[in-house]
Participant: 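Handing you a structure now.
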Amino acid sequence: MSNTAIVVALLVGLAVWFAVASRLTAKPWENREQPGDVGAIHASPARIGLWIFLAVVTSLFSLFLSAYSMRMHHSVGWCHLTIPGILWINSLVLLAASIAMQVASSAAGRGKRRVAQVTLIAGGALTIAFLAGQLLAWQAVGPSLYFIQGSPAIAFFYVLTTAHGLHLIGGLYVLGRATMRFAGGAEVIDLRQSLSLCAIYWHFLLLVWLAVFGVLLFL
Amino acid sequence: MAYVAIADRDAPIHDPHTFFLKYIWSQDHKVIAIQYALVAIFVGLVALVLSGLMRLQLGFPDQFHFVDPNMYYQFITMHGMIMVIYLLTALFLGGFGNYLIPLMCGARDMVFPYMNMLSFWVYFLAVLVLLASFFVPGGPTGAGWTLYPPQAVLPGTPGAGLGIILMLVSLATFIVAFTMGGLNYVTTVLQARCKGMTMMRMPLSVWGIFMATILGLLAFPALLVSAVMMTLDGTIGTSFFMPAVLSMGEQLDHQGGSPLLFQHLFWFFGHPEVYIVALPAFGIVSDLLSTHARKNIFGYRMMVWAILAIGGLSFVVWAHHMYVSGMNPYFGFFFATTTLIIAVPTAIKVYNWVLTLWKGDIHLTVPMLFAIGFIFTFVHGGLTGLFLGNVTVDLPLSDTYFVVGHFHMVMGVSPILVVFGAIYHWYPKITGRMYNERLGKAHFWLTFLGTYAIYLPMHYLGILGVPRRYYALGDTEFLPDSVHTVNAAITIAALIVAGSVLIFLYNMIVSLKKGPKAPPNPWKATTLEWQTPDTPPKHGNWGPKLPVVHRWAYDYSVPGAPDDFIPQNVPVDPKLGGGRDHGVHH
């Protein structure tokens, strides 16, 4: 239930933020002002779209983790997962990927094409390494259907890592497109936004992974 | 580089030339809206036919042998799921959301047109997968629209093999489609409003669709989570939801799963879903009432706040669907309380609709009839909701026809009346033609009175203890014979109402070609979609220049003004003053 409470708190927070942001106390029938600022958020649509998408993904993973916690507490036959050691290494790799994406984004912001290009590719490679590491972790926890059927903890491990991995693969697709544009000779200034959004997405997925890992470790 | 508001950019949007790009693989929000609406209405007609078949069985048991018990459960399931998700959600958000948001906000299109197009095609795929389940061995799932495990995946339930899997895959696909569309609707409302269109000047239709989309974006993941986990339970044999079960005398491999967990996840989506359908209806009906009563909406700010409050509260009431599953009494108390609290903002909306009509210059046009009809059906459905929100009242009534009557009144009939009203209201703008008003009115009266003939008696049946979900009642001792008579009468009414849909379809289709040409603003409405340079609006909506908004959406019957409406894009006349009061001191 605690996770559900967090989800609810998050939703309430969003609602409150929204109420404040959009000045819901205006009396439009009295307003005689000339049209001016309409209260749009000063950011590109892609950036806003990304943040909304992150809220959706937050909801998704919060619910997965709530389900994990409830399945653990509400029913019999739960045995804890033995955390494979490789997950620590994977976490560091994903952290490195996230840092690389940040460096790429800042370099693009300062117009440093070469640095941006190299760190972008490094970020992609590290992400692929992370995904490969996750596959190794699958091998370590129990590679056959027998284990997945027998232990809900292992089944959850597969579901959570797959869901997270698929989001990273989606990110890699966008990153791949940015890399292709680089290769096609696009100006670094045109890629600034793309890289900045990629960096945000990578940081977010790092946080999601840490939350998943934390729940697997401590709950 | 300084930020340039979207309304100030003059970059051209996508510019299709071929027929294929204009009408099939289209990125234009209006075309996508019509695509969404047509597919939703088609699949809704399938669900309508299913309900007719069920009613034949219930009204005249043993007369129609082509409906066997398995098919009956399959029809129930598909009818419920299609109506709630593939018709109402898709039509309100994919259809009206797509059509109205850019036009009412003064934008040229959605902010991510390509993703918008994908949203429709993925939705189309979801519908195809859903309909495919009718043709697989075992047929579609008959688990009931809530798909509760363990029975949903156990042998013995119709469609327990491929049927349920296709349903879950279709739902997951729908959620992907909805997320793509939803990101568009929210971002467009936040960012692409034209000059002068502050959030608090937006028509309530946009507010309702906007909030419903936020609810959908946050609630649908719960359905996705449950669909993924149930698919795994059903295919590879995990035990997320499946407890140890004996099935057909055999012990299955599942153990320790929690069916209650599924119920929590399902209803964490399922209750907001009610408001995903209801909030757009609330918004649209507000605009219809105000326009056709020639009077500003009563309590605009309160209406906006109520939409937000209902949206927030809808996330903390889900367990009221689970009273009969058994729960801690304190838990039940909490959910009963939140459920009753949500009646407060809802009642505020109802009072405001009625007060909007009060002393208005009511024009009983077809859309207005449907809007007023909605107030009746919604009040009736809402009041029975207050009964069922209480644990002690819900327990004996939950498995009876009282609940069927309640939810059909509140989230079946009511939103559908708004859908019809909205179609009649915007049809002249969408098609450029008027329809036959007499046929429209006939359609209204048959639908409105007919639905009362169907659902009002169901409440009595429920209080008598007639159980829902039963294929046939047989000779049940505690039920008087009149129950069977009532059931037959309900079926006749249902068939008449279903038949009245044909009048609607005939009217809409024939008027496309033969209807008289519609003027650009036949209802003399204030909102922006009626002020477009072309009817129907062309690609890009506004010609060379975007509109500029000078006032709120409800300047009807302004004292001193020459007409009884002032469109939102008409500048303030210094002689008249600016807003609603226009120099008249109260």
Participant: Below 4.5 Å from any heavy atom of chain A, which atoms of B:Leu218 appear? Answer side chain, backbone, both or neither.
Facilitator: both
Participant: Tell me, yes or no, whether the heavy-atom count around B:Met327 atom CE, taken from other residues, nucleotides or ligands under 6.0 Å, exceeds 12.
Facilitator: yes
Participant: Heavy-atom cut-off 4.5 Å, strictly under: side chain, backbone, both or neither for A:Val159 against chain B?
Facilitator: side chain
Participant: Please classify the contact between B:Phe112 and chain A as side chain, backbone, both or neither, with a heavy-atom cut-off of under 4.5 Å.
Facilitator: side chain
Participant: Please say whether more than 12 non-hydrogen atoms of neighbouring residues, nucleotides or ligands are located less than 6.0 Å from CH2 in A:Trp51.
Facilitator: no
Participant: First locate atom OG of A:Ser59, then atom CZ of B:Phe220, and finally report the distance between them rounded to the nearest 0.5 Å.
Facilitator: 12.0 Å
Participant: Between CG of A:Leu63 and CE of B:Met229, what distance do you get to the nearest 0.5 Å?
Facilitator: 10.0 Å
Participant: Go through the atoms of B:Val225 and report whether side chain, backbone, both or neither lie under 4.5 Å from a heavy atom of chain A.
Facilitator: both
Participant: Under 4.5 Å heavy-atom distance to chain B, tell me which part of A:Phe156 shows up: side chain, backbone, both or neither.
Facilitator: both
Participant: Less than 4.5 Å apart, side chain to side chain, heavy atoms only: is that true for A:Arg71 and B:Phe241?
Facilitator: no
Participant: Distance check, rounded to the nearest 0.5 Å: B:Leu190 atom CG versus A:Ile52 atom CD1?
Facilitator: 5.5 Å
Participant: Surrounding CG of A:Asp190 (heavy atoms of other residues, nucleotides or ligands, distance under 6.0 Å), is the total greater than 12?
Facilitator: yes
Participant: Find the one option among B:Leu265, B:Leu261, B:Thr238 whose heavy-atom pairs under 4.5 Å with chain A are most numerous.
Facilitator: B:Leu261
Participant: Below 4.5 Å from any heavy atom of chain A, which atoms of B:Ile236 appear? Answer side chain, backbone, both or neither.
Facilitator: both
Participant: Quick one: are A:Pro28 and B:Thr198 in side-chain contact, heavy atoms under 4.5 Å?
Facilitator: no
Participant: Would you confirm whether A:Gln149, through its side chain, and B:Asp233, through its main-chain N or O, come within 3.5 Å as a donor-acceptor pair?
Facilitator: no
Participant: For each of B:Pro571, B:Pro243, B:Pro221, B:Ala244, tally heavy-atom pairs with chain A at distances under 4.5 Å, and name the one with the top tally.
Facilitator: B:Pro221
Participant: Measuring from A:Ser44:OG to B:Gln191:CD, what's the distance to the nearest 0.5 Å?
Facilitator: 7.0 Å
Participant: Would you say A:Arg177 has more than 12 foreign heavy atoms packed within less than 6.0 Å of its CZ?
Facilitator: no
Participant: B:Leu260 versus chain A, heavy atoms under 4.5 Å apart: side chain, backbone, both or neither?
Facilitator: neither
Participant: Would you compute the distance between atom CZ of A:Phe64 and atom CG of B:Leu224 and round it to the nearest 0.5 angstrom?
Facilitator: 6.0 Å
Participant: Just verifying a value: how many Å separate B:Leu217 CG and A:Leu60 CG, rounded to the nearest 0.5 Å?
Facilitator: 12.0 Å
Participant: Is B:Met115 in contact with chain A via its backbone, its side chain, both, or neither, using a 4.5 Å heavy-atom distance?
Facilitator: neither
Participant: Are side-chain heavy atoms of B:Asn296 and A:Trp29 found at a separation under 4.5 Å?
Facilitator: no
Participant: Which heavy atom of A:Gly49 sits nearest a heavy atom of B:Leu183, and at what distance?
Facilitator: O-CD2, 3.7 Å
Participant: Is B:Ser239 in contact with chain A via its backbone, its side chain, both, or neither, using a 4.5 Å heavy-atom distance?
Facilitator: both
